[in-house]
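By convention here, the first residue in the shown sequence is residue 1. Note: hydrogens, waters and symmetry copies are ignored here, and every other heavy atom, side chains too, is used.
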Amino acid sequence: MRRHALACPLALTLAVAAPGCLVDRTGLAGLDATTASRDGGADAATDGGGCTPACADGQTCVGGACVCPADACCPPCSPPARCEDGACVCPEGACCPACAAEEVCLDGACETRTDCGAETQPCCDGACRTGLTCDAADRCAPCGGDGELCCAATDGRGPCDDGLSCGGGGTCEPCGAVGQPCCADRTCDVGVCDGTDRCAPCGGDGEPCCAGDSCGPDLVCSTGTCAPCGGDGEPCCTDGCDGSLGCDDGTCADCGEGGETCCGGTSCLASDLVCHTDGHCRDCGGDGDYCCAGDTCPSGRVCHTDGRCRDCGSDGELCCAGSTCASSDLVCRSDGYCRDCGGEGEFCCAGSTCGSGRVCLSTGFCADCGGTGQPCCAGRSCEGGRSCTAGGVCSG
């Protein structure tokens, strides 16, 4: 009896890994890459996701770059190693990579045995060569095929061949179709894996939801089961509700009136109602009401930055649209409010103008003009034959 670790020749590492080689993670990567390519790795020039050449070895294309999905192993692990949290892990007692055809894996090491481990021979302390398993008579028998015993967890091939699953009786049987056992990792080719580990139909009314919580037409996934949707009192469909109904907290209900759910999630039935951010129709347009659709308000009001309509244009009110006020004796100031203008001591009106007998000072306020000691009026004019001094004041 001889325990050994075979060295891996460089040529074999680059092409087909030699069975029985005990290699580090770098060596496993070469073996994994070869296995992935053999088992259907991408060979196309592009994968349709923007990556050229196409991603391989379990990677996916994200933003034009090949990346390994979270908690996945890239390249995929070669049996009996399995992927755990993004790292290939060799099960306790297993040999990674798998032993050569004439070897037996005992306590994690490959051994060449001629007295046991081959087909029909006695088992070697419960172990057999790869592709064989120890049967009830302590003899090595073929495993992994349809109707054969399930291979041991330490076997390099996995429990069963592709398309087969290890059944309750310890034998491999077809899997993945409706009514058959679920395949590895509780997957099914058709339907979903139910609570009894059998593949069951999905997507129909009353059936389990399919992958991605998907269901058939006019059905929605509700608490794991596909149910009718869109009608009054039914769950909302992915594209909304039937007719004039709206989606209210996941349930279809009457919509469009004040206080009701917005129809289709966006509209209301009257022009003085607006679909608010809470998904319900609210009064709009009145002073203090929400702004109507398109951030609009009726004439005489403006949509304020707080999202509500406010009266505008009068003294002390907000400026109306276009920075305008209701009359020529009001001016829209820089603070956004209309103020009286043109009178003595009042703001200058639009265009830096003031009422008759007044002038707009550099301070932005109107002042009486033309009298003795008063500012000169427009055109440096003064009243009663007075003259405008160089300092811009009337004298005489």
Side-chain angles (χ1 to χ4, degrees), residues 8-19 21 23-91 96-98 156-158 161-163 165 175-177 182-193 199 202-203 208-222 224 226 229 236-240 247 250 264-266 277 279:
C8 286
L10 178 61
L12 289 176
T13 303
L14 295 176
V16 179
C21 296
V23 294
D24 60 13
R25 188 56 246 171
T26 303
L28 278 176
L31 175 61
D32 294 343
T34 303
T35 303
S37 176
R38 184 181 65 244
D39 292 341
D43 294 324
T46 180
D47 58 7
C51 292
T52 304
C55 299
D57 298 336
Q59 294 182 324
T60 58
C61 186
V62 178
C66 293
V67 298
C68 191
D71 298 328
C73 293
C74 302
C77 304
S78 294
R82 55 175 177 259
C83 186
E84 295 182 4
D85 299 326
C88 291
V89 178
C90 191
C96 300
R157 305 188 331 167
D161 295 341
D162 290 342
S165 174
C175 66
C182 306
C183 295
D185 299 324
R186 292 179 53 80
T187 58
C188 294
D189 297 327
V190 180
V192 293
C193 190
C199 293
C202 68
C209 305
C210 296
D213 291 337
S214 60
C215 296
D218 299 322
L219 298 172
V220 68
C221 186
S222 178
C226 292
C229 64
C236 303
C237 297
T238 55
D239 58 353
C247 188
T266 59
T277 54

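With rounding to the nearest 0.5 Å, the separation of CG in Asp162 from SG in Cys175 is 9.0 Å.
Cys pair Cys96/Cys90: SG-SG separation is below 2.5 Å. Disulfide check for Cys188/Cys199 passes, with the SG atoms closer than 2.5 Å.
Shown here for Gly191 and Cys202, the closest heavy-atom pair between the two residues is CA-SG, 3.8 Å. The shortest non-hydrogen separation linking Pro69 to Gly58 is CD-O, 3.4 Å. Contact between Ser222 and Cys209 at its shortest, heavy atoms only, is N-SG, 4.3 Å. Scanning both residues, Gln59 and Cys66, for their nearest heavy atoms gives OE1-CB, 3.4 Å. In plain terms, the two heavy atoms of Cys73 and Gly86 that are nearest each other are SG-C, 3.4 Å. Smallest separation of non-hydrogen atoms from Gly64 and Cys51: C-SG, 3.3 Å.
Using a 4.5 Å heavy-atom threshold, the side chains of Cys237 and Cys247 count as separate.
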What's the verdict on disulfide (SG to SG under 2.5 Å) for Cys77 and Cys88, showing C-alpha distance, side-chain angles and the deciding distance? CA-CA 6 Å; Cys77 304; Cys88 291; 2.0 Å; yes
